[in-house]
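For ligands, and for the atoms within them, numbers begin at 1 and follow the listed sequence. Index from 1, following the sequence.
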Amino acid sequence: MKAKSWGAPVAFYDLRRHDETIRAELEEASRRVIASGRFVLGQEVEAFECEFAAYCGVRHCIGVGNGLDALHLVLRGLGIGTGDEVIVPAQTFIATWLAVSYAGAVPVPIDVDPATANIAPELVEAAITPRTRAVIPVHLFGRPADMHAVSAIAKRRNLVLIEDAAQAHGATYHGKRAGSLGDAAAFSFYPSKNLGAFGDGGAVLCDDSTLARLVRTLRNYGSTSKYHHELMGYNSRLDELQAAVLRVKLRYLDIWNQRRTRIADLYTKGISRLNSSINTPAHEEHVSSSWHLYVIRSTQRDGLQSFLASRGIESAIHYPRTPAEQDAYGRHTATISGNPNAVRHARCSLSLPIAPYLENSEVTAVLDAIREYVGRVEQLE
Ligand SMILES: Cc1ncc(COP(=O)(O)O)c(C=O)c1O
């Protein structure tokens, strides 16, 4: 990005700057894997699986190829497929829905809570049919969904509860970590995630040993011993290099999330002081977000985004369309229903730069630009 005369640019997320802070350790981990000559299903993956399971407070972690596969393999491991329905939030990254479709089941969207953008528990019950097998709350942007409420309904109606924790590494809900709040959980280690690899990666977490064994088998061609295939499985394994990188980064995750939390606080305080129509993320006492994204809502979203860009500040939209509005799902009438909060969120949300390496001065630059924009818009009104 070109430097502008009114101040240094602020990138939305700069992976190189992030990784630079622990470069020597990352290089050492990579060298260790190269020297081992083992790149698939070796010691690094085993060690990472133990370390991440312990971190999240669950018995099993199974490293897989990516977050979408993690969700898909959980569904397959649970025997969910053709003829089944799975309740999903109407606003999420499309992978939540795709995993259900891959399994052969139908994603049934319900609207999100307007304040948190997470699944609205009070709508779950009405969406349940005799075909419903599971519900997948997404901890969107790193904020854990209202798991107690959803879990109570899931228990009463005999549904499996699967967390889409792809954005919630290290987040907590009533003191328990995301990944330990349902029957199974799926994580993504896509490079820009709070815990990100040097490529694609994902993991399934669960306490149930039978499910863990099935997912472990499914990820490796349906095989537990060489050339014996119990199941028609897949090739979806976290590789050794990614596992070694993730082991290094896991040691920093809490420190990084603390810095993200501090930045989120600065944004919330700074924006609240403006008395503008911009909505900041809701505060919930029992929830600690991983702050994967800091998402504000404004009816002037597009104008605000252009203005920030003119001041050298990158922002992003997560996500400009709901999955039901995507061509991929647009023709499937079963998935289309009125979900006004989800659609409104898609039209109004704007993600500001948030990263552990951001300096306070950069956060101030973002806030100054927002203040200037609010001042201008209010003068016009
Ligand atoms: C909420 C959510 N679910 C699932 C995924 C899929 O993860 P992956 O990109 O690793 O397949 C993502 C990835 O961005 C996500 O944000």
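- Aromatic ring pairs are classed by plane angle as parallel below 30°, tilted from 30° to 60° and perpendicular above 60°; the pair Tyr267 and Tyr294 is tilted.
- In terms of protein heavy-atom proximity, atom 3 (N) of ligand 1 is closest to Asp164 OD2, 2.8 Å.
- Protein heavy atom in closest approach to atom 9 (O) of ligand 1: Ser188 OG, 4.0 Å.
- With sequence neighbours excluded, the residues that form a side-chain contact (heavy atoms from CB on, under 4.5 Å) with Thr172 are Arg177, Ser288.
- No donor-acceptor pair closer than 3.5 Å links the side chain of Asn339 to the backbone N or O of Gln91.
- Residue contact check for ligand 1: Asp200 places no non-hydrogen atom closer than 4.0 Å to it.
- Of the N and O atoms on the side chains of Glu240 and Ser36, not one donor lies less than 3.5 Å from an acceptor on the other residue.
- The nearest protein atom to atom 8 (P) of ligand 1, hydrogens excluded, is given as Gly67 N, 3.4 Å; this is a heavy-atom distance.
- Rounded to the nearest 0.5 Å, atoms CG (Asp200) and OG (Ser236) are 9.5 Å apart.
- With respect to atom 5 (C) of ligand 1, the closest heavy atom belonging to the protein is Ala95 CB, 3.6 Å.
- At the shortest separation from atom 2 (C) of ligand 1 among protein heavy atoms lies Ala166 CB, 3.4 Å.
- Between Tyr329 and Trp97, the ring-plane angle classifies as perpendicular under the 30° and 60° cut-offs.
- Close contacts between ligand 1 and Asn66 involve ligand atoms 10 (O), 11 (O) [criterion: under 4.0 Å to a heavy atom].
- In this structure, of Gln167, Lys193, His72, His139, the residue bringing a heavy atom nearest to atom 14 (O) of ligand 1 is Lys193.
- Of the protein's heavy atoms, Phe93 CD2, 3.5 Å lies nearest to atom 12 (C) of ligand 1.
- When only modelled atom types and interatomic distance are considered, His318 and Ser349 share no side-chain donor-acceptor pair under 3.5 Å.
- Within a 6.0 Å sphere centred on CG of Asn158, other residues, nucleotides and ligands contribute 12 heavy atoms or fewer.
- Interface atoms of ligand 1 facing Val138, defined by a heavy-atom separation under 4.0 Å, are 1 (C).
- Ranking the protein heavy atoms by distance from atom 11 (O) of ligand 1 puts Leu68 N, 2.9 Å first.
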